[in-house]
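Working notes for the structure below.
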Amino acid sequence: MTVVTRFAPSPTGYLHIGGARTALFNWLFARHHGGKYVLRVEDTDQKRSTQDAIDKIFEGLSWLGLDHDEEVIFQSQNAGRHAEVAAQLLSDGKAYKCYCSPEELTEMREKARENGTSGSFYDNRWRDRDPADAPAGVDPVVRIKMPLDGDTTISDLVQGDVTRTNDTLDDFVILRSDGTPTYMLAVVVDDHDMKATHVIRGDDHLNNAFRQFHLYQACGWDVPEFAHIPLIHGADGAKMSKRHGALGVDHYADLGILPETMRNYLLRLGWSHGDDETISTEQAIEWFNLDAVGRSPARFDMDRLLNLNSHYLKEADPSQLSETVLDIAVRNSEKPLSENARQRLEGGISGLVQRAKTVIEVVDSSNLYLYDAPLSFNDKAKELLADSEIQKRISDLAEILSGLTLWDENTLDSAVRAYADTNELKLGLVAQPLRAALTGSNVSPGIFEVMVVLGRDETLERLKLTSL
RNA sequence: GUCCCCUUCGUCUAGUGGCCUAGGACGCUGGCCUCUCACGCCGGAAACAGGGGUUCGACUCCCCUAGGGGAUACCA
């Protein structure tokens, strides 16, 4: 039997971090078992579903690199099939029509709350009532008959055996009065039709599993394996929601987080493989299993994400990363890029990446390579360059450097050191002024590396412009 | 209220009865390296929610309490 998993987002917003992880786990599980991972859009509630949200979710998923198999399923298109199943259940006597008014329902709900004896509230008043009693002009809903006694145990692959007494399960609605299916019916029918073998989803669905379990039984279908993974909480420990900092994955993309970082980070939230922290996607596919999924909720930690990102930034392909940086720079800046921007960036990017945690930081620090002189100076650099003694050093250096025949780090290094030695200066007192003049900043990659990447002409030009 | 789930350093976690005077990672922190900032390296502080059992022996098993979370719709 081939494994079939599915990710079933409801298109009422963007793809947030929790959904992204659910998708990742489903994807990983399917890939690990050589099975299928399919996407199903739960748009049963047409009023709340928007095309925009659907697009955003697809974008998020593809940014994450979670490719799906087969055609995307839109749940709303199966409404006919759902209604058929409900009709069958009705004729089998496993479901019935309920003509209760909203007022009656509210009343029952309040009463149940007062008694405080069970989680269910519907009092089954139409369960065995003669259909002839049906009030005229009322469109009924269809309710499924749940067992009246005994209990139900779900053997969850993550949570273990979870048992619930059946009297806490009431006859829930499977078909609305307008004939459309509720979520509870739709998932069961669709999961069955698409032959899902493993339902991996958020912990918040654990309670639903009990209801769905009986729906499967009423239909005479096999119940899939369930795996309810703990939720990701916000910094305050509450379920992630739009109010609790659950940002869309696109937000992290904009911040300059790499998809591979996100995959690794999300994987480690709730799943572990000994002490391993940085886990490539290939390894993740090889190692992933449901046994190692923890049962307690995790909190989102930006520092960890950033730390992981700096790791993947260093592993990123330099020329590909350069392209990305160039794209962003062009979009953000009104200044024209230097003719040599691409070449310099590719030469200097490894030094830049060494000091960055996000793509955006790489973009910011790459300014020294992207534009030709004159450059702009930050306060620290201006302050340093204002000193006449420093000015002297820079023009001395400009002269010495212009006389060099070789232009590599070693040559530059020894020339500058020699100058520092003869003037009895510590290297820092020479290197910092150079840094200020060459980069416009007090922080940069190694100064000799900068000179090499910039090349002789641009280096000399910058020195000349600042030593006037 | 009721039902369900959870509880190891601040955070993510290792740990499946003796290997634990509880390990790793992020963060914090002392130092080294050093042309700045990073990186890297060496060190430090930091946790088994509480109480009962079971056992020769509990972080690990059971019970209770507390705390946290989730679910309680003709939403998904």
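Chain letters run A, B, ... following the sequence lines, proteins first and then strands; every chain starts at 1. Values reported hereafter were calculated over all heavy atoms of this structure, with side chains retained and with hydrogens, waters and symmetry mates removed.
With sequence neighbours left out, the side chain to side chain donor-acceptor pair (under 3.5 Å) criterion links Asp317(A) to Ser319(A). Looking at residues two or more places apart in sequence or on another chain, you find no salt bridge (Lys or Arg N to Asp or Glu O under 4.0 Å) involving Asp291(A). In this view, Asp191(A) and Arg6(A), Arg40(A) satisfy the side chain to side chain donor-acceptor pair (under 3.5 Å) rule, not counting sequence neighbours. Under the rule for a side chain to side chain contact (heavy atoms under 4.5 Å, CB included), the partners of Ser155(A) that lie at least two apart in sequence or sit in another chain are Asp161(A).
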Dump the pairs, protein N or O against N or O of nucleotides 9-19 of chain B, anything under 3.5 Å, distances to one decimal.
residue	atom	partner	partner atom	Å
C12(B)	OP1	Arg299(A)	N	3.0
C12(B)	O2'	Arg268(A)	O	3.1
U13(B)	OP1	Gly270(A)	N	2.5
U13(B)	O3'	Ser272(A)	OG	3.3
A14(B)	OP1	Ser272(A)	OG	2.6

Would you tabulate the pairs of protein nitrogen or oxygen atoms and nucleotide nitrogen or oxygen atoms of nucleotides 37-42 of chain B closer than 3.5 angstrom?
residue	atom	partner	partner atom	Å
C37(B)	O2	Arg355(A)	NH1	2.9
C37(B)	N3	Arg355(A)	NH1	2.5
A38(B)	O2'	Gln354(A)	O	3.0
C39(B)	O2'	Gln354(A)	OE1	3.1

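Listed candidates were C4(B), C35(B), A76(B). Nearest to the side chain of Gln432(A) is C35(B). With A76(B), C4(B), C74(B) as the candidates, the nucleotide lying closest to the side chain of Phe121(A) is C74(B).
The list of salt bridge (charged side-chain N to carboxylate O under 4.0 Å, His left out) pairs with a residue in residues 296-307 of chain A, not counting sequence neighbours, reads Glu277(A)-Arg304(A).
Donor-acceptor pairing under 3.5 Å, judged by distance alone, is present between the side chain of Arg435(A) and the base of C35(B).
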Show me the donor-acceptor pairs within less than 3.5 Å that the side chains of residues 98-106 of chain A make with the rest of the protein, sequence neighbours left out.
residue	atom	partner	partner atom	Å
Ser101(A)	OG	Glu103(A)	OE1	3.3
Ser101(A)	OG	Glu104(A)	N	3.2
Ser101(A)	OG	Glu104(A)	OE1	3.3
Glu104(A)	OE1	Ser101(A)	N	2.8
Glu104(A)	OE2	Arg125(A)	NH1	2.9
Thr106(A)	OG1	Pro102(A)	O	2.7

For residues 441-450 of chain A, tabulate all N or O donor-acceptor pairs below 3.5 Å that involve a side-chain atom, not counting sequence neighbours.
residue	atom	partner	partner atom	Å
Ser441(A)	OG	Val443(A)	N	2.9
Ser441(A)	OG	Val443(A)	O	3.1
Asn442(A)	OD1	Asn378(A)	ND2	3.0
Ser444(A)	OG	Arg435(A)	NE	2.8

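His228(A) comes within contact range of no nucleotide atom at all, as no heavy-atom separation falls under 4.0 Å. Among the protein residues, Phe172(A) comes within range of no part of the nucleic acid, since none of its heavy atoms lies under 4.0 Å from any strand. Here Arg40(A) lies out of heavy-atom contact (under 4.0 Å) with every strand.
Remark: C1' of C74(B) and CD of Glu103(A) are 13 Å apart, rounded to the nearest angstrom. Look at NZ on Lys426(A): it is 12 Å from P on C33(B), rounded to the nearest Å.
Within 6.0 Å of the CD atom in Gln283(A), the count of heavy atoms belonging to other residues, nucleotides or ligands exceeds 12.
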